[in-house]
J.: 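Right, I'll just put the structure down here and ask away after.
Naming: A, B, ... by sequence-line order, numbering from 1 per chain.
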Number of protein chains: 4
Amino acid sequence: MTEREDLLVGNFPIVPKQKRAQQKRNALLESGRILFIDKGYEQTTAKDIAAHAGVATGTFYRYFSDKRQLLMSLLEDKIEEFFPPEPSWSTPDPVSFIAKMLEDHGKRLNKFGLHRVLQELLPKDPELAEAISEARRKIHSRIYSGLKQAFEKGWTWKDLDFDTVSWSIMTLVENAHEKEVQDGGHVDYYQLAKVICRMVFPPEVHKE
Amino acid sequence: MTEREDLLVGNFPIVPKQKRAQQKRNALLESGRILFIDKGYEQTTAKDIAAHAGVATGTFYRYFSDKRQLLMSLLEDKIEEFFPPEPSWSTPDPVSFIAKMLEDHGKRLNKFGLHRVLQELLPKDPELAEAISEARRKIHSRIYSGLKQAFEKGWTWKDLDFDTVSWSIMTLVENAHEKEVQDGGHVDYYQLAKVICRMVFPPEVHKE
Amino acid sequence: MTEREDLLVGNFPIVPKQKRAQQKRNALLESGRILFIDKGYEQTTAKDIAAHAGVATGTFYRYFSDKRQLLMSLLEDKIEEFFPPEPSWSTPDPVSFIAKMLEDHGKRLNKFGLHRVLQELLPKDPELAEAISEARRKIHSRIYSGLKQAFEKGWTWKDLDFDTVSWSIMTLVENAHEKEVQDGGHVDYYQLAKVICRMVFPPEVHKE
Amino acid sequence: MTEREDLLVGNFPIVPKQKRAQQKRNALLESGRILFIDKGYEQTTAKDIAAHAGVATGTFYRYFSDKRQLLMSLLEDKIEEFFPPEPSWSTPDPVSFIAKMLEDHGKRLNKFGLHRVLQELLPKDPELAEAISEARRKIHSRIYSGLKQAFEKGWTWKDLDFDTVSWSIMTLVENAHEKEVQDGGHVDYYQLAKVICRMVFPPEVHKE
DNA sequence: TATGAATGAGCCTTCATTCAT
DNA sequence: GATGAATGAAGGCTCATTCAT
C-alpha cells in the first residue's frame, strides 16, 4: 500500500510510522467510511468524523488535509474492488462461473459501501470522476477483449457487437449488487448469469 | 403517485393563482433546474437561484419553503420522464421498436438532466429515495407483466426468469443515456435493442 | 469620496446606496477604527467589530470582504491626513508658520489614530507598505522642491543637502505627534519649528 | 534596567545550567529571532521556532513559557543595542564623530533586526511598551545632559531648547537606519551628522 | 407581495499549550 | 529531559432563513 499511497492522495501529513498513529489513522478512516455511508459526504463534517473516532477535531487534521483526502485514502485502497474480475467464457460452465463472480463482486461492493458516496461526489470532483472513468474504461476493455477471443473461437453470436455487449455486461454487473438494497429482495445471480450468457452465446453453444 | 405527491412536496406556499406569480414560480423552478445541473444541489444556494431568476432572495421563500421543496416540485412535474414506456413485444419489429424507445427515453432523460442531482440527494433524503424506489417498482412491474404476456404467447425463452430479465432491461434502459456522457461515444441503440431482445426471445422467434 | 472608493479597496460588496446601509457601514468603520487602535489589528476579530457596531457577524461581511479591507477603507479616506502640508519658506515668519503646521498635523494624526496599526501591518502587507512608501515619497519630493526653491533664492545654507534635510524634516514632522504620547509631555512645536528652520537657514537669513 | 529585567521576562523555567541545555536555548532564541524578522511575530508559531531550531514542540516550552517570553529574552540581551552611544560634542571633529556613530548604530540596529517586531508588539504589550519607553527616556536624558554640558561650555546656540533638540537628535538617529530600507537608497551619514550639528552649534563654533 | 439587509448557527481550519511515553 | 501527538478554543467565513420596510 505504501507505494501507491500518493496515487490519488498526495502524501500530505506524514506517513504515520508509529503503531498508535496508524491505529488512529485507521479509526478515522473507518469512522469516515461509516459516516459517509450513513449520512452522505456533504452531511458529514470533519468534526463528526473526529468525534466518531473518539479524537479531537484538530487530530483529524494531523492525519488528513481535509474530508476529501480522507475519502481519497479510503478509495485508494479499495478502488480495485470496483473492478469485477474478467468473466471467463472458456469455462466448462460459464453460467456458474459468472454467477459466482457476480455474487463475490456484489458482496465486495456491499461491504465497501461507498458507491453511493461516489455518486454524490462525481459531479463536483472532476479528478475523482476521471479516476473512476479510467477504471471503467479498463473494465470495459477487459470484457471487450474477452468477448473478442470467444468470438474468434466461434463461440458467440456471429453478429456480436462487442462494444454494446461489453457495456451491457459491465452495467449489469455494476448494478447487480444494488438490486438487493433497492427492492429488499435478493438477486438471483444464477439467473442473471444466464441472461448475460444469452447476450453472448447462441443456444447451441450454450449446451456445449 | 398522485396521492403521495403533496406528501413529497408539502402544500406549503399555496399554488399561486395570479399569472405573475406563476411566471415567477416557473422562473425559479427553471433557474433551480439549471443551477442544480450545473453546480450540483449542495453547491447551489437559494440566493443563487433567486438571483438567476431575477428576483430577491426573500421571494424565493414565498414560493418554496426551501431548496429541497423546489427540487421536489421540479421532480413532481417530471418524475414521469423517468418511466421508460413499456416495451411492446408484440410488434412486427420489436428490435426497432425498442431501439426507438431507448433513444427517445435517453433524449428525454438528458433533457431532464436531474439524474445526477438525484444521486446526490438519495443518501440524505429517504423520502425521495422511497419515491424513486416506488417509481422503479412500477416500471419493473410493467416490464414484468409485458414479459409475462409474451411468455404466455409462447414467444420467449421457456425458462425466462421474469424478475431477472425485467430488472436487466430496466437497468440497461436507465443507464443507456449515461453511456454517451461517459465515454463521449454515442450509443448504438439498435445494437442495445438487439441485446435486449436476445435476453427475451430465442433466435427462432426473433426471425418471426 | 465616492470617486476614490476603489483606490485601495476594490469595490467588493456593493457600494451601499441606502442611507441605512451607509450608516451601518460607517458604524462598522468606526468600530473597526476604535478596536484596531485599542487592541491592535491582529487582536481584533471581525466578530469583535461587528459586535461593537451592534450588528451580527454576517453583516460585517456584507460590507467588507474582510478585516483588511475594512482597514483599507479606513485608510483610503484618511491617507491624505498623513501628508503634512508643504512647509512654506517664503513666509514672513517661517518658524511660526511651521510651528502652526506641525501642531495642526499632529492633531490630525492623533485624531486619526491608526499610525500604530499601520506599523503593525507594514511588515506583512506589502501592498499597503507600497502605498505608504508611495505617500512618503510624495511628501519627500514636495519638501525637497520647496527647499530647492528656497535655495535658489539664496535663503538657505549654501551647502544644503536637499535629500538629507528633506528626510530629516519629514522624519521630525512624522514623529512629532508621537512625542506627546510617548513622554506624556507636550511638544513645544515652536521650538521644533525653530530647529527645523536652523537646519535650513543660516542665522543671518533667519532674522530677515 | 537590570532590576526590572526579570520583571519583563519572568523567571519561569530556570536558567538552565547544563551546556547542552544552554545550546538548545540559544538555538531557540536564534531561530525565534530569524523567524520573527522574516515572517513577523504573529505569523511565527512556537512550532515553527522549535522546528527551525531542530527540537520538538514540547521542548520549546521547557525553555520558554511562551512565544512572548522568548521575544523578551531576545530583547533583554540586546536592548542596549537600541541605545545610540552618547554623541560627544567635545571632539575635534564632531561631525565625523557623529557620522561614525550614526553608521555604527545603524549597522547594529540592522543586524539586530527586531525593530519591526517591536512595532508589531507595542500596541498589545503595555509592559514592553513601558520598557521601551523607559529606554527612550534614558537615551533622551543622556543626550540632554550632553547638550547641557556643551551649552555650559558656550558652544551651542544660546537659545538651545535642550528637550526639543535632544528629541530631534534621538528621532533622527532612531530612524536613520530605516531610510536605507525605505527608499532603497543609502543614507549619507555625514550629511545627516552635519544637520544634527547645525541644530546644536551656531556656524562660528562649527568652524572651530 | 417583493425586497434584500440582517441574522447567527455552524463549518473549516489553525495553533498555543498540555501530556503520555 | 525530550518528544510530538493530542487537544480544543477561537477565528474566518458562508448561507439558509427571517423580517422590517
J.: To the nearest 0.5 Å, what is the distance between CD (Gln23(C)) and CG (Asn26(C))?
T.: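 Gln23(C) CD to Asn26(C) CG: 8.0 Å, rounded to 0.5 Å.
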J.: Rounded off to whole Å, could you give me the CZ-to-P distance for the Phe64(B) and dT1(E) pair?
T.: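 In whole Å, dT1(E) P lies 14 Å from Phe64(B) CZ.
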J.: Look at the side-chain N and O atoms of Tyr63(B) and state whether any lies under 4.0 Å from the OP1 or OP2 oxygen of dA2(E).
T.: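 Yes.
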J.: Tell me the interatomic distance from Gln43(A), atom CD, to dA16(F), atom P, rounded to whole angstroms.
T.: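 Spelled out: CD on Gln43(A) to P on dA16(F) is 12 Å.
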J.: Which base sits across from dA10(F) as a Watson-Crick or G-U pair, both distances under 3.5 Å?
T.: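 Here dA10(F) is engaged in a pair, and the nucleotide opposite it is dT13(E).
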J.: Counting neighbours of NZ on Lys39(A) that are heavy atoms of other residues, nucleotides or ligands and sit closer than 6.0 Å, is the number greater than 12?
T.: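 It does: Lys39(A) NZ has more than 12 such atoms within range.
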J.: Quick one: is the NZ or CZ of Lys67(A) closer than 6.0 Å to the six-membered ring centre of Tyr41(A), and within 45° of its axis?
T.: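 Yes.
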J.: Under 3.5 Å, is there a donor-acceptor pair linking the side chains of Glu42(B) and Gln43(A)?
T.: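 Distance-only check passes for Glu42(B) and Gln43(A).
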J.: Across all strands shown, which nucleotide pairs with dG4(E) by Watson-Crick or G-U wobble geometry, both distances under 3.5 Å?
T.: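 Partner of dG4(E): dC19(F).
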J.: Ile49(C) CD1 to dG11(F) P: how many Å, rounded?
T.: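 Atom-to-atom, Ile49(C) to dG11(F), this comes out as 12 Å.
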J.: Using whole Å, report how far CD of Gln23(B) lies from C1' of dA2(E).
T.: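 Whole-Å distance recorded here is 15 Å.
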J.: Kindly determine whether Arg116(D) and Glu120(C) satisfy salt bridge (Lys or Arg N to Asp or Glu O under 4.0 Å), including the steps that lead there.
T.: CA-CA 8 Å; Arg116(D) 299 287 182 81; Glu120(C) 187 184 339; over 6 Å; no
J.: Can you give one letter per nucleotide of nucleotides 7-14 of chain E, 5' to 3': B if a protein heavy atom sits under 4.0 Å from the base, S if only from the sugar-phosphate, - if neither?
T.: BB--SSBB
J.: Might you work through the salt bridge (Lys or Arg N to Asp or Glu O under 4.0 Å) test for Arg68(B) and Glu127(B), ending with a clear yes or no?
T.: CA-CA 11 Å; Arg68(B) 181 179 179 274; Glu127(B) 195 186 351; 3.0 Å; yes
J.: Rounded to the nearest Å, what distance is computed from the CD atom of residue Gln22(A) to the C1' atom of nucleotide dA6(F)?
T.: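 Roughly 17 Å, once rounded to whole Å.
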